[in-house]
Amino acid sequence: MIADVIVDLQYGDCGKGKVAHHLARTGEYTHVIRYNGGCNAGHTIYHEGKKFVTHHIPCGVFFGIRSIIGPGCVINVKKFFDEIDELESHGINARGLIGVASNAHIITDFHMAQDGQDEIIGTTKRGNGPAYRDKYARRGVRAIEIPELEPFIVDMYTELHDSPFYEESVILFEGAQGFGLDIDWGDYPYVTSSHCTVGGAILNGVPARSIRDVWGVAKIYETYVGNKLFEGVDPIFAKIREAGEEFGATTGRPRQVNWMDFDNMIKAIDINGVNKLVINKVDVLEEVGRWCVYSGINQFEFDKSADMQFWIEENLKDKDVEIMFSSCKDAI
Ligand code: IMP
Ligand code: MG
């Protein structure tokens with residue numbers, strides 16, 4: 001078994017959807033598995049000139065690859081079916097490809113109502129936190145208990161390890177949210193309720209030693225959505241928000257913007273064991289004409305994009321990561 005994992009190194013919205021789409025296109029994978037989160041996520045994907053925003057469903061469906069919502073996820077059943085209908089109405093033959101892990105958990109109306117009252121951390125109000133709370137309190141509802149999901153239900157062990165259909169599973173793990181929102185490593189309590197790291201991926205039923213590549217996805221600046229104060233005072237951040245179209249794919253909320261926190265990115269690289277690093281949206285800073293990075297107690301300012309990229313490469317030299325800088329129009 002081989003598994004490649006995509007993780008976000010900041011606060012989500014760094015372009016995991018784009019990287020997943022690019023990798024799935026190679027035709028190398030037998031499965032694409034979403035390993036955490038629920039419909040709080042919004043993955044923006046451009047496929048054959050059309051824009052799609054997926055919430056639950058992994059991007060394998062765009063390429064005829066088996067696409068599974070893993071046991072680390074929570075599912076809103078109505079939104080799951082709406083999403084399938086939406087994809088099918090645009091000619092994506094999703095239904096036959098999707099599997100739902102029998103032991104994934106369900107977001108109920110009660111969870112939605114409770115999360116809807118959150119005023120403290122600024123959740124997406126999609127029922128995510130209450131669904132995970134009930135999972136861990138051992139009073140949750142599992143996917144296998146829902147009659148409408150019956151045609152999709154898979155046992156993850158059979159699917160990945162004991163299937164007569166595949167000689168060997170080659171899995172692409174598509175994560176949601178990011179390191180800064182991780183329940184353990186993020187800025188608690190301003191976090192989501194699931195595991196957004198490589199650790200979270202292997203909890204879905206693959207052995208740790210099957211992992212080949214860990215794709216870390218970041219942006220050349222940072223964004224965060226939620227109630228803590230994140231944005232710097234410089235008016236440039238409002239310009240970056242406009243230029244980068246930094247508004248939530250799920251809730252439409254404006255994302256707070258700040259410069260790249262290099263030390264946090266290093267921490268996320270180290271903890272996830274990233275060996276392929278994609279730094280997205282370099283064209284956005286080129287558009288606004290400012291380049292800065294925070295590291296230690298310093299803020300470094302650069303004259304041009306190439307200087308910032310050079311600085312990042314120099315400071316990641318001992319990490320043994322392949323670094324790719326990418327613009328919005330690039331496939332990766
Ligand atoms: P929850 O995941 O809805 O409970 O929200 C917890 C925190 O994570 C909030 O600050 C949300 O804005 C943030 N969050 C959740 N999902 C995403 C995402 O997909 N992208 C960016 N932020 C997210
Ligand atoms: Mg998103």
Side-chain angles (χ1 to χ4, degrees), residues 6-21 34-45 52-59 69 72-76 79 83 104-136 140 173-197 200 216-219 221-231 241 244-258 261 264 268 280-281:
I6 302 172
V7 290
D8 179 300
L9 304 177
Q10 295 160 343
Y11 300 87
D13 307 316
C14 288
K16 287 181 296 297
K18 168 168 134 170
V19 174
H21 185 262
R34 253 293 293 281
Y35 61 84
N36 73 302
C39 49
N40 48 353
H43 290 173
T44 307
I45 288 170
F52 293 88
V53 179
T54 59
H55 299 284
H56 278 309
I57 295 175
C59 74
I69 300 172
C73 297
V74 288
I75 304 162
N76 176 318
K79 288 217 153 59
E83 205 174 320
H105 274 249
I106 297 299
I107 302 170
T108 65
D109 292 344
F110 175 64
H111 295 148
M112 293 284 290
Q114 282 197 319
D115 200 17
Q117 283 161 15
D118 163 67
E119 300 289 338
I120 299 169
I121 74 141
T123 72
T124 59
K125 301 194 185 331
R126 295 297 187 275
N128 203 65
Y132 280 108
R133 178 201 61 207
D134 283 350
K135 166 178 171 170
Y136 287 102
F173 276 114
E174 181 181 348
Q177 291 85 44
F179 189 78
L181 295 171
D182 178 82
I183 182 76
D184 291 323
W185 296 102
D187 188 11
Y188 194 90
Y190 296 96
V191 295
T192 191
S193 300
S194 66
H195 300 283
C196 315
T197 59
V217 188
K219 275 196 298 221
Y221 54 90
E222 291 188 2
T223 60
Y224 156 84
V225 209
N227 283 355
K228 73 174 173 184
L229 180 62
F230 182 81
E231 185 155 310
R241 177 165 39 252
E245 294 174 33
E246 298 293 356
F247 298 88
T250 299
T251 59
R253 289 180 293 174
R255 298 171 182 152
Q256 299 188 58
V257 181
N258 214 325
D261 184 326
N264 275 349
N280 276 317
K281 289 196 159 177

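Computed from a prediction, not measured in an experiment: that's the story for all the values here. Numbering of ligands and ligand atoms starts at 1, following listing order.
Here is the list of ligand 1 atoms found below 4.0 Å of a heavy atom in G226: 10 (O). Counting atoms of ligand 1 from 1 in the listed order, those under 4.0 Å from a heavy atom of R253 are 11 (C), 12 (O). Which parts of ligand 1 touch V225 is read off a 4.0 Å heavy-atom cut-off, strictly below it: atoms 9 (C), 10 (O), 11 (C), 12 (O), 13 (C). Heavy-atom proximity to D13, at under 4.0 Å, picks out these atoms of ligand 1: 20 (N), 21 (C). Which parts of ligand 1 touch I121 is read off a 4.0 Å heavy-atom cut-off, strictly below it: atoms 6 (C). Close contacts of ligand 1 with Y11, meaning ligand atoms under 4.0 Å from a residue heavy atom, involve 21 (C), 22 (N).
Residues D115 and T123 bring a donor and an acceptor atom of their side chains to less than 3.5 Å of each other. At a cut-off of 3.5 Å, with distance as the only test, no side-chain donor of Y11 or Q256 sits close to an acceptor on the other residue.
Considering only residues two or more places apart in sequence or on other chains, Y132 meets the ring pair (Phe, Tyr, Trp, His ring centres under 6.0 Å) condition with none of them. D187 meets the salt bridge (Lys or Arg N to Asp or Glu O under 4.0 Å) test with K228; sequence neighbours excluded.
For ligand 1, one of its N or O atoms has an N or O atom of T124 under 3.5 Å away.
Under the 4.0 angstrom criterion for non-hydrogen atoms, G122 is in contact with ligand 1.
Residue I183 holds its CD1 atom at 11.0 Å from CD of Q177, rounded to the nearest 0.5 Å.
Of the options N76, N128, T124, a side-chain hydrogen bond (donor to acceptor under 3.5 Å, both in side chains) to N40 is made by N128 and by none of the others.
Nearest residue to atom 14 (N) of ligand 1 from T192, N40, L181, V191 is L181 (criterion: closest heavy atom). When the heavy-atom distances from atom 15 (C) of ligand 1 to Q177, H55, K125 are ranked, the shortest goes to Q177.
Counting only distance, with no hydrogens or angles, the side chain of K16 and the backbone of E174 share no donor-acceptor pair below 3.5 Å.
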